[in-house]
Each structure stands twice: as C-alpha cells, then as structure tokens.
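Shown next, in structure tokens, is the structure this report addresses.
Computed over heavy atoms, backbone and side chain alike; hydrogens, waters and symmetry mates excluded.
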Amino acid sequence: MSTTSPLEKAGATTGNWLDERVGASKVVKGFSRKIFPDHWSFMLGEVALYSFVILLLSGTFLTFWFVPSAGETTYTGPYAPLAGQHVSEAFNSTLHLSFEVRGGLLMRQIHHWAALVFVVSIIVHMFRIFFTGAFRKPRELNWVIGMLLAILALIEGFLGYSMIDDLLSGNGLRIAQAIVLGIPVVGSYVSFFLFGGEFPGEAFVPRFFVLHVLLIPAIMLMLITIHLILVVVHKHTQYPGPGRTNNNVVGFPLFPIYTAKAGGFFFIVFGVIALMGALFQINPVWIYGPYDPSPIGAGAQPDFYMGFLDGAVRIMPGFVEFEIFGHTVSPNIFIPTLVVPGLMVTPALLYPWIEQWITGDKREHHLLDRPRNAPTRTALGVMAITLYVLLWISGGNDIVATHLHLSINDITYFMRVGVFVLPALAYVITKRICIGLQRKDREKVLHGRETGRVFRTEEGEVFELHAPLSAHDRWLLVGFDAPEPAQALSATDAAGVRRPGGRLEKLRQKISKFYFEDRVAPVTPAELASAHHHGDHEEVTAGEGSKPAVGSGH
C-alpha cells in the first residue's frame with residue numbers, strides 16, 4: 001500500500017514536468033555537486049552578497065512610504081522641534097517613516113548599516129583578490145565586474161542619502177554639484193541636466209530616486225549574476241595545499257553542506273546588521289533639519305566611502321584656479337575629484353592585463369598566492385590603502401583639529417606632503433617585510449623550525465635543535481613561482497631586422513626589473529637534499545616534529 005502523501009505527489013509531478021521540458025534534473029544535479037573550497041577569507045564576498053540582499057529587502061519596505069518629491073509642504077508630525085516648518089515632501093516622508101511607521105526607523109537604520117557593510121565587504125573582498133592574485137587568467141573579467149560593483153556601490157550610497165533632502169545630504173549634494181561645475185567646458189551643462197536647472201531645484205529627488213531604486217540596482221543585480229555564473233564556470237580559486245592543483249578543487253559540494261553553511265551565515269549577517277540597526281543610531285535627519293542652501297552644520301562629514309574625495313579637495317591648494325578668455329577654470333576642484341580618482345581606478349581596472357604583460361604569463365591560475373610571495377604586488381596594494389586612508393583622514397581634518405587641539409592649517413600642510421611621502425614609505429616597508437618573511441620561510445625549509453631546545457656536544461659546541469617540517473608545511477613554503485626579471489632582447493633579430501615594438505619591450509623589461517629584481521627563490525629539492533646531507537638540519541627525536549596534515553578531497 002502506498003504511503004506517498006499528496007504533497008509528495010505534487011512535488012514529484014512538478015519536478016517531472018520541469019525535467020521533461022527544461023532538463024532541470026541535469027542542471028540541479030550538476031550544480032549541486034559543484035565543489036567549493038572552505039576558507040574564512042571567501043566569506044568576504046558572501047558578506048557583500050548577503051548585505052546586498054538585505055538592502056533590496058529593506059529598500060523595498062522603505063519605498064512604500066518614501067515620497068520622492070522636492071515639493072514644499074509643512075511638517076505636522078510628532079517631532080516638536082520641526083513643527084510647522086516648511087520642508088520637502090521627501091524629508092517629510094522620511095520623518096514620517098522614522099516616527100510614525102511601526103518599525104520604520106529600524107528599517108531605515110538597517111538599510112543604512114547594510115549599505116555601509118556592503119561597501120566595506122566589497123572593498124575588503126577586492127583587496128583579498130588582489131593580494132592573493134585571484135584576478136589572474138581566466139578571471140580578469142570577474143575582476144572588472146568587481147571593480148564596477150565597487151564604483152556603483154559608492155554612487156548608489158551617495159544617491160541614497162542625498163535624496164532624503166536633509167541639511168547634511170544637501171551640503172554633500174552641493175559639493176557634488178561643485179565637482180560637476182569643475183569639469184572644463186561642459187560642467188555647467190551637465191549640472192543643468194542633473195538638477196533640471198539651477199541648484200538645487202525640485203527635479204533631483206525624483207531623478208535620484210529612479211537611479212537609486214531602479215537603474216543602478218538592476219545593473220548591480222545583473223553584474224552580480226554574471227559574477228556568480230563566472231565563478232561556477234571558472235571554478236573557485238583555492239589556497240595551496242596537499243592534493244590541490246590547478247586542475248582540481250578540494251572542498252565541499254554545494255548541496256547539502258555548502259548550502260547549509262551559506263544559509264546559516266546569511267542569517268548571521270542579517271542578525272548582526274539588524275542588531276546594529278537597533279542599537280546604534282545612524283543618520284538622524286531630524287537633528288540636521290531640512291536642507292537650506294544658506295546654513296551648514298558644524299563638523300559635517302560624509303559617509304566614509306566618500307570621505308576620500310572630500311579629503312582630496314580639502315588639501316588641494318586653491319591658487320591653481322585661473323581664468324582664460326573670461327571663463328574660470330578650476331583645477332583645484334577638477335584634479336582632486338575627477339583626475340585623482342581616475343588615476344586610482346584606471347590602473348586598478350587594467351591591473352590583471354598589466355601584470356600579465358609584465359610577467360608574460362598567459363597560463364590559467366587556480367591556486368592563490370601567499371601575499372609575501374608577491375612582494376611588489378603586495379606593496380603596491382598597501383601603498384594604495386595608505387593613500388586612501390590619508391585622503392579619508394584629510395576629509396575630517398576639522399574634526400581631527402578640534403578633538404586633538406591641533407592647527408587645521410598644520411594638518412593640511414602635513415597631509416599635502418604626506419599623500420606623496422607616506423604611500424611610498426609604506427611601499428618600501430611592506431616590500432622589505434615580505435622579502436624578510438620569504439627569507440625566514442627559506443631558512444625554515446632548509447633547517448626546520450626552531451624548538452627552543454639547546455643541545456651541547458661533548459666538544460662544548462652549543463646549538464639549538466630544529467624540528468623537521470611536515471610535508472604539508474614544507475610544500476606551502478616551497479610550492480610557489482618566483483618570476484625572474486625579463487631578459488633584455490637585442491634591438492635586431494638573427495637576420496639583422498629591427499624587432500617590432502622595441503621601445504615597448506624595453507619598457508616591459510624595466511617594469512619587470514622593478515617587480516622581480518628583489519626576489520627570494522623557493523628552495524629547490526637539490527638545496528634541501530644538500531642541507532640534509534651536510535647536517536645543517538638537526539632533527540629532534542621522532543614524535544616531536546610536526547605531524548603531516550590530512551587533506552580532504554572530493
């Protein structure tokens with residue numbers, strides 16, 4: 001007698017119907033067996049994905065009550081200090097959401113905190129990819145998608161808090177309009193197009209609303225979908241280890257193990273962001289009041305991801321502004337807000353192809369680098385982080401001055417010099433640290449790890465005993481590539497014909513020398529055998545060394 005329930009029958013019938021028409025079973029079976037490696041750093045991308053989902057959910061809730069209009073109205077809500085004041089409908093609806101809609105303030109704060117977590121996780125995720133070399137072939141396109149998502153996240157966040165039309169966001173919007181006006185020749189035309197006339201006007205709120213809730217999220221959703229598809233197509237990168245090669249992936253299948261872990265982690269991220277929204281106040285627009293072009297709040301600061309632009313403007317000397325043919329040209333705005341970000345973003349977008357051209361390496365890479373084994377790349381990344389942090393601090397130079405009782409002029413002068421000197425210093429220090437760590441790894445492979453035990457021979461010689469490394473630990477320290485600088489080619493080939501692209505090749509050789517001149521080659525089997533043969537590797541008794549790690553494969 002059959003015990004199949006009606007629900008099971010309905011599920012089986014539906015599954016069979018889909019399988020017969022779209023081949024669903026093959027897709028589900030193949031996708032569920034997809035292997036994903038397990039490492040804590042891979043969670044950074046998951047945090048970005050989950051916070052984006054939270055943004056979509058909380059943003060949908062907010063759109064039910066937010067009124068995207070800059071039309072004037074009178075505030076009649078429960079917040080007494082603003083009673084009877086003329087405010088925009090956008091600001092009025094935001095106050096209504098905050099004080100009169102049940103759960104409205106919580107959802108607003110969850111949305112804002114999720115936006116900040118989203119931006120942070122994308123930036124940290126991108127630096128993880130950069131430092132480990134996960135952008136190399138065949139993942140160059142995914143790197144570009146990640147960069148575009150980071151840029152769109154900054155724009156999306158700016159639009160989100162600008163359309164509320166409070167005093168703080170209005171001041172930020174005024175700065176944005178000044179940036180647009182700083183564009184030579186076409187700046188005023190672009191400003192009129194964005195704001196529908198003179199600043200601020202009433203057109204910007206509905207325009208920003210459409211961009212914020214429709215256009216940019218749709219583009220981001222498309223890019224995230226493409227990104228995830230490419231992750232599946234290319235297979236996931238993995239850290240080096242026993243049994244891990246460029247031709248396999250060691251980890252867990254998507255279903256049921258990875259699905260359960262990912263689902264649980266989503267609710268953890270959701271819970272943490274909800275807790276932040278409940279306990280930590282953010283963007284209290286009722287304190288700032290409605291936007292008015294005449295006043296500005298003391299100590300006004302943008303969200304951290306826009307602070308570097310503000311900082312670049314603050315430390316830019318004002319004397320570079322000049323007039324030509326009766327028109328004012330403002331490089332003091334154009335350079336820090338458009339040229340400097342362009343010089344930061346463009347090399348980052350093209351970096352996978354830049355490094356590929358320098359190394360001449362056209363192979364596929366599925367194993368990640370340890371950052372210390374790519375010292376120049378790691379140093380460049382730290383240099384970029386240092387520059388960003390300095391510009392961000394410059395954006396709060398007034399807060400630093402008031403809280404630390406320093407001269408704001410001294411801070412500005414220091415930062416003008418520091419943005420050129422400190423990143424270069426960070427580059428040198430980071431590279432020397434990486435090379436020092438490589439030398440330490442080399443020493444450890446040749447002589448084993450230090451045990452802290454001292455041995456004295458009958459002849460009175462004293463030395464420390466070293467424990468042999470396990471096969472796993474030794475493999476991690478020697479299993480990497482150490483490219484050498486590109487060798488110079490003669491100006492002509494064997495037939496005496498001038499080589500095409502000779503100048504470009506010379507440039508590549510110089511950059512290659514810059515990248516790989518300071519290098520520590522991994523220990524070769526011959527060097528290791530020689531060290532053992534000459535007794536340089538003093539082993540402790542059996543059982544005191546490291547045990548080989550057991551790797552799992554699927």
* To do: Compare all side-chain heavy atoms of V144 with those of W353 and state whether any distance is below 4.5 angstrom.
  => yes
| query | Taking W65 for the side chain and G104 for the main chain, is one N or O donor matched with an acceptor at less than 3.5 Å? | reply | no
T346 side-chain N/O to L343 backbone N/O, donor-acceptor pair under 3.5 Å: no
When rounded to the nearest 0.5 Å, the distance separating CZ of F61 from CG of L97 is 7.0 Å
Looking only at heavy atoms, the pair that brings P483 and R519 closest together is O-NE, 3.2 Å
Here the salt bridge (charged side-chain N to carboxylate O under 4.0 Å, His left out) pairs for residues 339-367, sequence neighbours left out, are E355-R377, D361-R363, R363-D481
### Task
Determine yes or no for a side-chain-to-main-chain donor-acceptor pair under 3.5 angstrom, with W143 supplying the side chain and A348 the backbone.
yes
Hits for ring pair (Phe, Tyr, Trp, His ring centres under 6.0 Å) against Y189, two or more places apart or cross-chain, chain-then-number order -> none
With sequence neighbours left out, the residues meeting ring pair (Phe, Tyr, Trp, His ring centres under 6.0 Å) with W392 are none
| message | Check the orientation of Y50 and F265. Use parallel for under 30°, tilted for 30 to 60°, and perpendicular for over 60°. | response | perpendicular
**Message:** With heavy-atom distances below 4.5 Å as the criterion, would you say the side chains of L105 and S98 are in contact?
**Reply:** yes
Check your understanding: Given side chains that start at C-beta, do those of V445 and D441 come closer than 4.5 Å, heavy atoms only?
Key -> no
Determine whether Y515 and L380 satisfy the following criterion, side-chain contact (heavy atoms from CB on, under 4.5 Å), listing intermediate values before the conclusion.
CA-CA 10 Å; Y515 260 74; L380 289 173; 3.3 Å; yes
Item to check | Side-chain heavy-atom pair F158, L173 within 4.5 angstrom cut-off | outcome: yes
Between the CE atom in M126 and the CG atom in L44, the distance rounded to the nearest 0.5 Å is 12.0 Å
Expected output: side-chain S121 to main-chain V117 donor-acceptor under 3.5 Å
yes
dist M220:CE -> L55:CG (nearest 0.5 Å) comes out at 8.0 Å
Side chain to side chain donor-acceptor pair (under 3.5 Å) pairs touching residues 205-221, sequence neighbours excluded, are E156-H212
Within-4.5 Å side-chain heavy-atom neighbours: I129 and N142
no
To the nearest 0.5 Å, atom OG1 of T376 lies from atom CD1 of I435 at 7.0 Å
For F42, the ring pair (Phe, Tyr, Trp, His ring centres under 6.0 Å) test, sequence neighbours excluded, returns H39, H236, Y239
ask   = If only atom types and distance count, is the side chain of S191 paired as donor or acceptor with the main-chain N or O of G187 below 3.5 Å?
value = no
Item to complete: Could you tell me whether a side-chain N or O of R108 sits under 3.5 Å from a main-chain N or O of N283, the two making a donor and an acceptor?
Response: yes
>> Could you tell me if the side chain of M383 sits less than 4.5 Å from the side chain of T430, heavy atoms only?
In response: no
Residue set satisfying ring pair (Phe, Tyr, Trp, His ring centres under 6.0 Å) with F514, at least two apart, ordered chain then number -> Y427
Review point. Does F91 reach the side chain of V205, with side-chain heavy atoms less than 4.5 Å apart?
Key: no
Notebook entry, point to check: Do I54 and F118 touch side chain to side chain, with heavy atoms closer than 4.5 Å?
Noted result: no
If you draw a 6.0 Å radius around NZ in K513, do more than 12 non-hydrogen atoms from other residues or ligands fall strictly inside? no
Distance col, row I164:CD1 vs L159:CG, nearest 0.5 angstrom, shows 12.0 Å
On a heavy-atom basis, the closest approach of V520 and R442 is CG1-CD, 4.1 Å
Where do N246 and H366 land on the side chain to side chain donor-acceptor pair (under 3.5 Å) test, with the steps shown first?
CA-CA 5 Å; N246 276 313; H366 303 291; 5.3 Å; no
Heavy-atom closest pair (A134 atom, L368 atom, distance to 0.1 Å) is CB-CD2, 3.6 Å
List, one per line, each side-chain donor-acceptor pair under 3.5 Å for residues 302-313, sequence neighbours excluded.
| unit_1 | atom_1 | unit_2 | atom_2 | d |
| --- | --- | --- | --- | --- |
| D303 | OD2 | H112 | NE2 | 3.2 |
| D303 | OD2 | Y305 | OH | 3.4 |
| D310 | OD1 | R314 | NE | 3.4 |
| D310 | OD2 | R314 | NH2 | 3.2 |

Sequence neighbours excluded, the answer for side-chain contact (heavy atoms from CB on, under 4.5 Å) partners of A150 is I122
Exercise for the section: Apply side-chain contact (heavy atoms from CB on, under 4.5 Å) to V124 and V47, showing your working. Expected result: CA-CA 10 Å; V124 178; V47 173; over 6 Å; no
In terms of heavy-atom contacts, P341 and P336 come closest through CD-O, 3.3 Å
F131 and T378 have their tightest heavy-atom pair at CE2-O, 3.4 Å
Residue pairs passing the salt bridge (charged side-chain N to carboxylate O under 4.0 Å, His left out) test with at least one member in residues 134-147, sequence neighbours excluded, are R136-D369
Hey, mind stepping through L49 and F266 against side-chain contact (heavy atoms from CB on, under 4.5 Å) and telling me if it holds?
CA-CA 9 Å; L49 176 62; F266 168 76; over 6 Å; no
Residues 246-259 vs salt bridge (charged side-chain N to carboxylate O under 4.0 Å, His left out), sequence neighbours excluded, gives none
field: Step-by-step side-chain contact (heavy atoms from CB on, under 4.5 Å) determination, D166 to Y161
entry: CA-CA 9 Å; D166 62 288; Y161 75 71; 5.9 Å; no
Nearest heavy-atom contact between A90 and F66 is O-CE1, 3.6 Å
In short, salt bridge (charged side-chain N to carboxylate O under 4.0 Å, His left out) pairs touching residues 37-64 with sequence neighbours left out are D38-K261
Those residues at least two apart in sequence (or on a different chain) that pass side-chain contact (heavy atoms from CB on, under 4.5 Å) with I335 are M316, P331, V339, V340
d(H111 NE2, L56 CG) to nearest 0.5 Å is 9.0 Å
